[in-house]
Every structure is written in structure tokens, then in C-alpha cells.
**Student:** 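Encoded as C-alpha cells, here's the structure I'll be asking about.
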Amino acid sequence: MAHKQQPLYLHLAELTASQFLDIWKHYDSDGNGYIEGKELENFFQELETARRGAGVEGSSINIGEKLKEFMQKYDKNADGRIEMSELAQILPTEENFLLCFRQHAGSSTEFMEAWRKYDTDRSGYIEANELKGFLSDLLKKANRPFDEKKLHEYTQTILRMFDLNGDGKLCLSEMSRLLPVQENFLLKFQGMKLSCEEFNAIFNFYDKDRNGYIDEQELDALLKDFFDKNKKEMNIQSLTGYRQSIMSLCDAGRLYRKELEIVLCNDSTTLK
């Protein structure tokens, strides 16, 4: 039985953004946004092999113990799997491609504010032709020098990452993977998304005067209710962070239906 070919890049001293993505796609074989289970075992074993081949000292510790140490070092949220932003800390990516963006979008609030500039219709998507401006803004605010050629490479790499169906639209929840794991509050809503009918019901309940928007206090109550119903714990600090991030999508403290829908709803096209 032929051995699955190892990506060519694991041994390199520095990866381009495109090479980083090739490695990610190779090991995230089911495309669920994580390297986990057998994928993780394969990645770690092949990374160890590549490093030994590149002259990096090995260790006498068995593979299980080494993998445990590896995960303690890099699995920042201790969920037993590697996410894209965690992989960027493991592999020597050129200028640390993802870190460039995360230095500006160091918090989910800042990221949402940058996103809001381009998602003008609050659909939860930005068009691919707007992506270059979005990335340019993040790089400028991170004080990272770049030229047109490098910006083009980053833009094309992001498109390959997130525009999987080729429709020219990029989704907020997918793009938020540029954030550090601990700052990506959208991950907290995984597995808790609402259908269109469920979303309408919960929004209408808190929009008491039917003016089409809710304020910060109403959002607090909505989030508490939402997490309670899904049997998820949320402390005051987390609640404050979620509220600030979500409210950064809106103007003058008024969170409209379409803005909250981006975060809570399964299909953000349903209310267009």
C-alpha cells in the first residue's frame, strides 16, 4: 500500500502564505476547520520526520508523550485539536502571514469594526473584490510593510482558504479564524446557531417596541437566555466581551435584526 505523500514544505525554514495553506488543506482532510484525531497524529508524525530530516534534534521520548507535550504548548484553548491560528504558531510562515492580521485584529471587537466597513449591507459576507481593501486596512493598522505583489498573494490565499464554493463571497464566521483562538468569540456559537424561525422569535421577544433594533441591555438579556437554553456557561467577563464585539457591528447603540443575524443565524441570507 502506497504511503500518502508528505507535503514538500514541512522541512522549510520559512513558508510562504500559499505553502502554509497547502499544508493546512492537506491535513484538514475533512475540511471542518480543525486538524484533529487521525489528521493530528499524521501531521505530528510527519512534522517530526521533516524536522529530523532538516537536522533538528530528535528526542528519546515516545511519540505519545511528545504529542502530549506538543499539544500543551500549542493547543491554546485545550480542545484537543489544532486550529488555523494555532498552526500559524507552529510553522515558520513568511512574516507570519496570519500574525500580520492578528496584530491589528488583536480583539474580536477590532476585527468586527474592520469587517463592518466592508459588509455595508450587514449580510455577513464581503465580496471578493472588497477583500484586498479589507486586508490592506488590517496590515496598515498592524504597521506591517507590504507591496502590491504581496497584498495580491495574501488576497488570493485568503480566497483559497474561505471561498470554498467559488461564489465570490467571504463569510464572517470563516474569516474570523484570522483571530487568535481565545479572541474568536464566534467560536462560542458553534453548534448553537438558530434557524430563521428561531432567530425571528428570539429577536421579536427582546424587541419589545417592535422598532427593529435592540440596545445593549436587551442584548445582555438575549445572550444570557440564549446560552442558558443551550446549557452553556457564560460569566460576566465573557458576556461583556460578547456584547462589545456584537455591538461593534452597529451604529449609535442600536443593534438591528440583520446585524445580530450575522452572529446567531444559520443562514444569513434568509432575511435579505
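Each residue takes its place number in the sequence, starting with 1.
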**Student:** State, with a plain yes or no, whether a side-chain heavy atom of Asn77 is found less than 4.5 Å away from one of Asp75.
**Tutor:**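 Result yes, sub-4.5 Å side-chain heavy-atom pair found.
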**Student:** Answer yes if Leu260 and Leu239 sit in the same cluster of Ile, Leu, Val, Met, Phe, Trp and Tyr residues linked by side chain heavy atoms under 4.5 Å apart, and no otherwise.
**Tutor:** yes
**Student:** So does Lys117 pair up with Glu130, basic N to acidic O under 4.0 Å?
**Tutor:**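 No, this pair does not count.
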**Student:** Could you walk me through whether Asn42 and Ile35 pass the side-chain contact (heavy atoms from CB on, under 4.5 Å) check?
**Tutor:** CA-CA 10 Å; Asn42 290 340; Ile35 298 175; over 6 Å; no
**Student:** Working to the nearest 0.5 Å, report the span between CG of Leu40 and CZ of Phe43.
**Tutor:** 8.0 Å
**Student:** Keeping Asp22 on the side-chain end and His26 on the backbone end, is there a donor-acceptor pair under 3.5 Å?
**Tutor:**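 Checking the backbone N and O of His26 against the side chain of Asp22, no donor-acceptor pair under 3.5 Å is found.
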**Student:** Give a yes or no on whether the ring-centroid distance for Phe227 and Tyr242 is below 6.0 angstrom.
**Tutor:** yes
**Student:** Does this structure show an ion pair linking Asp167 with Lys169, if we count only N-O contacts that are shorter than 4.0 Å?
**Tutor:** no
**Student:** Pick from Asp215, Asp209, Asn211: which one makes a side chain to side chain donor-acceptor pair (under 3.5 Å) with Tyr213?
**Tutor:**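 Exactly one pass, corresponding to Asn211.
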**Student:** Could you tell me whether Lys38 and Glu41 have a side-chain N and a carboxylate O separated by less than 4.0 Å?
**Tutor:** yes
**Student:** Checking the side chain of Tyr118 only, and the main-chain atoms of Gly133 only, is there a donor and an acceptor separated by less than 3.5 Å?
**Tutor:** yes
**Student:** Test side-chain contact (heavy atoms from CB on, under 4.5 Å) on Phe134 and Ile158; report intermediate values, then the result.
**Tutor:** CA-CA 11 Å; Phe134 176 74; Ile158 291 288; over 6 Å; no
**Student:** Have a look at Leu222 and tell me which of Leu255, Ile246, Asp207, Leu264 forms a side-chain contact (heavy atoms from CB on, under 4.5 Å) with it.
**Tutor:**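 Among the candidates, only Leu264 passes.
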**Student:** How far does CD1 of Ile82 sit from CD1 of Ile90, to the nearest 0.5 angstrom?
**Tutor:**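 Rounded to the nearest 0.5 Å, the CD1-CD1 separation comes out at 4.0 Å.
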**Student:** Using 0.5 Å steps for rounding, measure from the CZ atom of Arg243 to the CD1 atom of Ile236.
**Tutor:** 9.0 Å
**Student:** Measuring from Ile202:CD1 to Glu197:CD, what's the distance to the nearest 0.5 Å?
**Tutor:**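 Result: 14.0 Å between the selected atoms.
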**Student:** Taking Glu216 for its side chain and Met247 for its backbone only, find out whether a donor-acceptor pair lies under 3.5 Å.
**Tutor:** no
**Student:** Glu39 side chain to Glu36 main-chain N or O, any donor-acceptor pair under 3.5 Å?
**Tutor:**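 Flag set: sc Glu39 to bb Glu36 pair under 3.5 Å.
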**Student:** Determine whether Lys132 and Glu148 satisfy the following criterion, salt bridge (charged side-chain N to carboxylate O under 4.0 Å, His left out), listing intermediate values before the conclusion.
**Tutor:** CA-CA 10 Å; Lys132 183 178 285 189; Glu148 191 63 25; 3.0 Å; yes
**Student:** Give the minimum heavy-atom separation between Leu87 and Trp24, together with the two atoms involved.
**Tutor:** CD2-CE3, 3.5 Å
**Student:** Would you say Leu67 and Phe70 make side-chain contact, with heavy atoms under 4.5 Å?
**Tutor:** yes
**Student:** If we check side-chain contact (heavy atoms from CB on, under 4.5 Å) with Lys68, which of these qualifies: Lys66, Met71, Gln72?
**Tutor:** Gln72
**Student:** In sequence, state the C-alpha distance, the side-chain angles, and the governing distance for Asp225 and Tyr206, and then conclude on side-chain hydrogen bond (donor to acceptor under 3.5 Å, both in side chains).
**Tutor:** CA-CA 10 Å; Asp225 188 31; Tyr206 288 97; 3.1 Å; yes
**Student:** Between atom OH of Tyr154 and atom CG of Leu159, what is the distance when rounded to the nearest 0.5 Å?
**Tutor:**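 Separation between the atoms: 15.0 Å.
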**Student:** Would you confirm whether Asn204, through its side chain, and Asn200, through its main-chain N or O, come within 3.5 Å as a donor-acceptor pair?
**Tutor:** yes
**Student:** Distance check, rounded to the nearest 0.5 Å: Phe203 atom CZ versus Ile214 atom CD1?
**Tutor:**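 Rounded to the nearest 0.5 Å, the CZ-CD1 separation comes out at 5.5 Å.
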**Student:** Hey, quick one: are Phe205 and Val263 part of the same hydrophobic cluster, counting side-chain heavy atoms closer than 4.5 Å, chains of contacts allowed?
**Tutor:**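 Shared cluster, yes.
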